Each structure stands twice: as structure tokens, then as C-alpha cells.
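Below: the structure, in C-alpha cells.
Source: prediction; values computed, not measured. All ligand and atom numbering here is 1-based and tracks the order in the structure. Worth knowing before you read on, the calculation uses all heavy atoms, side chains too, and leaves out hydrogens, waters and symmetry mates.
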Amino acid sequence: MAKLFLFDVDKTLVDSCGAGSRAMTAAFVQLFGIDQGFAGIDFTGRTDTAIFRDAVAVHSLDGDFATLLARFQETYYSILPSTLAEVQAHVLPGVPEVLAGLEAAPGAFLGLATGNFRESTRLKLGRFGLYDLFLAGGYADDSEDRAELVAVAIERLAEASGGHEPREVCIIGDTPLDIAAAQANRARSVAVATGFFTVDELTAAGAGLVFPDFSSWQAVLDALLG
Ligand SMILES: [Mg+2]
């Protein structure tokens, strides 16, 4: 049976130490002359498109949303590499070993399901050589709604992996929104408490399996592949 593993990015694979939100804030200043454009807007587990839409509404920006979004993305991508370089961004414990183990497992395929845009995902993971490990992904470019982008990610990874049936789909993330998106797609949900939520909170949110982190990577691999 094919096993599709789709990973969230922020606080699941890497900790970019707020570089993403700092670059988004800087892009907002550069484009619209507004300081702290995202103050009070929740980022955790949400898509960057939805976060930007909230900021556009809060500041009553005029103009076609798609045009505003395209300008924002272009500016954000130009700023993000330097904000990433300024912080101690790092890969989370055990992640390289878990990804290598899954990549080597027969019938297992790796994908991404993230609220980041595709290009910011490439920038955040590429600096650690992780981006090219993933065959396909679903991104904030695909939908503002996490469950919908997870559906897109599953479809793309299934196709990229050769369309094997039957298949088991596993969504791996650090927030209750990752868990809800897995449930909406009738996928197995695995959570890791390396973000803002504890093991207990993620368990209460309905995750099928929860790890404090991936440092015991052999046990994580056994659980994922078992
Ligand atoms: Mg996350």
C-alpha cells in the first residue's frame, strides 16, 4: 500500500524564529506605509493568504485583492531571504532523520501541506536542503482554507507518486488546524508539540498520534510506517 506523508512547514519541520512574519510586516510597510500591519492578527496554523486578507480588511486597503496579493507576494519574497539570514532559523530535532527514513521506505512518498506560499516554502526549506525532498505540495497559493489546500496537496502527491491504490494518507503538523484539515480529508493525523501547542492540547484536538518532538526519530518512523 502506498503511504503518503504530508508535512506542515513552520514549527513542524523548521523554526524560522519569526522571520516569515517579520518579512510580511516589512513588506506591508514598504508597500502600504503601514507599521505593524499584522498586529492582532492570528498567524498560527493559518494560510498566508487568509492572514493577508485579514490585514487588508483591518486597514481598509482599496483595490482588487488578487492584485494587492500579487504585489505583496513579490515584495515579501524579496525581503524574506534577508530576514531568514538574520535569525537563528533551524531544522527541528529529528526531522532530517525522519525524512530520510521515510524517503528510504518502500511505498512511502513525501509531500508538503503548508499555509506558506510556495515560494516562501522554497526559501524557508531550501536553505537547509530540504525543499527538494518533497515530490509535491499544497500551499497558500492554492487555497485560503487549510482543508482545501491539504486536499490539493494529497491529489498532487498521489499523482506524483504514480497513483497507487489503495493508499494511506498522513498529515503531520503542529496545530489544531493541521489536525482539523486532516480530519476534513479523512486522513490520519499526526501532531508534534514543537510549536505553540502542548501534547495534551494536540491530543484533545483529536490527533491520532502526538509526539513531544521528533528527537526519538526511530520510534517516530516505526509509528509512521507501522
Ligand atoms: Mg505549523
**OP:** Using 2.8 Å as a strict upper limit, say whether an N, O or S atom of Asp178 approaches the Mg ion (ligand 1) that closely.
**Re:**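 Given the 2.8 Å cut-off, Asp178 does not count as a ligand of the Mg ion (ligand 1).
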
Check this for me: [X], atom [atom1], are more than 12 non-hydrogen atoms of other residues, nucleotides or ligands nearer than 6.0 Å?
X	atom1	result
Gln218	CD	yes
Glu168	CD	yes
Phe65	CZ	yes

Of all the N, O or S atoms in [X], which has the shortest distance to the Mg ion (ligand 1)?
X	answer
Asp8	OD2
Asp10	O
Asp174	OD1

Sequence neighbours left out, cut at 3.5 Å: what donor-acceptor pairs do the side chains of residues 86-93 make with other protein atoms?
| residue | atom | partner | partner atom | Å |
| --- | --- | --- | --- | --- |
| Glu86 | OE1 | Arg22 | NH2 | 2.7 |
| His90 | ND1 | Gln88 | O | 2.9 |

